[in-house]
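Only one structure is covered here, and it is reproduced in the block below.
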Number of protein chains: 2
Amino acid sequence: MGVDCHHTESAQPGLEGAALASAVAAAQSKCERTRERLTPPRRRVLELLLEADGPMKAYDLIAAYGQDGEPAKPPTVYRALEFLERLGFAHRIESLNAYVPCRMEGTSHRAAFLICECCGTAEEFEPDFSPQFAAAEAAGYAVRTVTLEARGLCPACKVEA
Amino acid sequence: MGVDCHHTESAQPGLEGAALASAVAAAQSKCERTRERLTPPRRRVLELLLEADGPMKAYDLIAAYGQDGEPAKPPTVYRALEFLERLGFAHRIESLNAYVPCRMEGTSHRAAFLICECCGTAEEFEPDFSPQFAAAEAAGYAVRTVTLEARGLCPACKVEA
DNA sequence: AGCCAATGCGTTATGAAATAACATAACCTG
DNA sequence: CAGGTTATGTTATTTCATAACGCATTGGCT
């Protein structure tokens with residue numbers, strides 16, 4: 001990453017097996033409750049995000065899309081990502097041009113990340129945006145979504161540095 | 001913008017004449033104090049940002065660069081933007097792929113924006129990141145920079161909607 | 001002054017990220 | 001089962017950003 005360190009990219013586990021299946025099933029049933037459709041491309045992209053050890057770039061998803069090594073076409077993945085974001089199953093990390101599955105409950109259009117500039121992991125945390133909401137309201141804005149991205153070093157990389 | 005409204009792009013004044021000259025001069029002297037060099041391309045890009053009525057895309061800057069209509073080469077502008085961001089004279093708005101001059105004092109690597117999805121303006125406000133810093137520290141992170149982008153409707157567009 | 005390391009610039013080319021546009025297919029729902 | 005709506009497949013293109021290289025300028029140092 002931006003800074004000068006070099007680790008075996010680590011942290012952020014990445015689901016597999018039963019845990020993965022259960023996470024996908026949860027998304028599935030959540031969709032059913034709102035009459036949304038978790039179609040094959042959407043499900044596939046969600047799987048890839050959940051399996052990953054860290055943020056995935058769109059073109060990583062495109063390359064990894066086919067179980068047989070066949071890449072997807074870009075619109076396939078971008079449309080799936082749009083859906084997953086809309087439903088709150090994934091977030092885009094703007095400063096990385098990358099995507100992560102949502103680790104928090106709920107569909108609130110708010111997200112906050114701690115991004116390690118060394119190992120590249122992005123940890124989602126529960127955002128408390130009260131001061132910023134207060135500022136926005138004071139300015140007369142009607143806020144719809146908020147994202148916050150904090151960059152620095154995660155505990156592991158901080159030690160090594 | 002994203003939402004379905006259509007205004008004569010407004011708000012955010014954009015400096016000209018004496019105000020512009022004075023803002024550039026302020027940057028100039030700030031550079032001198034830290035032995036940084038506000039070279040012609042850097043100064044030119046800063047001017048363009050200050051003159052603009054809203055966030056500028058990189059390729060807008062490239063197109064507008066030459067006083068004679070000659071565009072710049074992309075690296076010229078991207079390098080200038082990198083410098084201006086480093087010195088705190090400009091911010092990149094990640095969710096817009098666009099740039100604005102810094103409206104706040106100081107070089108703190110923190111920025112917060114209220115972005116109107118209707119008219120496209122981006123208002124910088126003084127961020128109070130205390131709850132997020134607390135969360136980051138609790139998680140053991142060493143935060144270096146923070147940016148926040150809130151999207152919604154500005155007072156003017158809220159009324160019309 | 002003359003040297004030299006560091007920094008910045010000009011230029012060409014390419015890479016990475018995202019979307020436009022249009023045709024086809026699957027799905028509800030009445 | 002007809003017809004609107006939603007989703008997908010496909011081709012092409014646009015938009016955004018950086019790599020790599022050589023030259024110019026700067027600012028310290030002897």
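In this text the structure is predicted, and so the values were computed from the model without any measurement. Each chain gets a letter, A, B and so on, in the order its sequence line appears, and its residues count up from 1.
- Atom CD in B:Glu85 sits about 10 Å away from atom P in D:dT18, given to the nearest Å.
- Nearest to the side chain of B:Pro74, among C:dA18, D:dT18, D:dT10, sits D:dT18.
- Ionic pairing of A:Glu126 and A:Arg110 is present here: one or more N-O contacts between side-chain nitrogen and carboxylate oxygen are shorter than 4.0 angstrom.
- Minimum atom distance to the side chain of B:Arg42 is reached by C:dC9, of the listed D:dT6, C:dC9, D:dA17.
- Distance from the side chain of B:Tyr78 is smallest to D:dT18 among C:dA18, D:dT18, D:dT26.
- Residue A:Arg35 has no polar side-chain atom (N or O) positioned under 4.0 Å from OP1 or OP2 of D:dT5.
- In terms of position along DNA chain C, the nucleotide closest to A:Asp60 lies nearer the 5' end than the nucleotide closest to the other residue of the pair A:Asp60 and A:Pro75.
- Between A:His91 and A:Phe113, the ring planes are perpendicular. Angles over 60° get that label, and only those under 30° would be called parallel.
- Side-chain proximity of B:Thr76 to the nucleotides D:dC16, D:dG9, C:dG10 is greatest for C:dG10.
- Spacing between atom CE of A:Met56 and atom P of C:dA16 amounts to 16 Å, rounded to whole angstrom units.
- If you take NZ of A:Lys73 and P of C:dA23, they are 17 Å apart, rounded to a whole angstrom.
- Taking the side chain as every heavy atom from C-beta outward, A:Phe125 and B:Gln132 approach each other to under 4.5 Å.
- Proximity of A:Tyr99 to the phosphate of C:dA18: a side-chain N or O atom is located under 4.0 Å from OP1 or OP2.
- Distance CD1 (A:Ile62) to P (C:dA18): 9 Å, rounded to an integer number of Å.
- Contact check on B:Glu94 versus B:Arg92 returns a salt bridge, with a Lys/Arg side-chain nitrogen under 4.0 Å from an Asp/Glu carboxylate oxygen.
- No hydrogens or angles were tested; on distance alone, a donor-acceptor pair under 3.5 Å links the side chain of A:Arg79 to the base of D:dG9.
- Side-chain atoms of B:Thr39 lie closest to C:dC9 of the nucleotides C:dC9, D:dT8, D:dC16.
- Summarising the geometry, the separation between CZ on A:Arg92 and P on D:dC16 is reported as 12 Å, rounded to the nearest angstrom.
- Between C:dA18, D:dT26, C:dC28, one nucleotide has an atom nearer to the side chain of A:Arg37 than all others, and that is C:dC28.
- Tracing side-chain contacts under 4.5 Å through hydrophobic residues (I, L, V, M, F, W, Y), one reaches B:Phe83 starting from B:Val24; they form part of the same cluster.
- Look at CD on A:Glu32: it is 15 Å from C1' on C:dC28, rounded to the nearest Å.
- Residue A:Lys57 has a polar side-chain atom (N or O) positioned under 4.0 Å from OP1 or OP2 of C:dA17.
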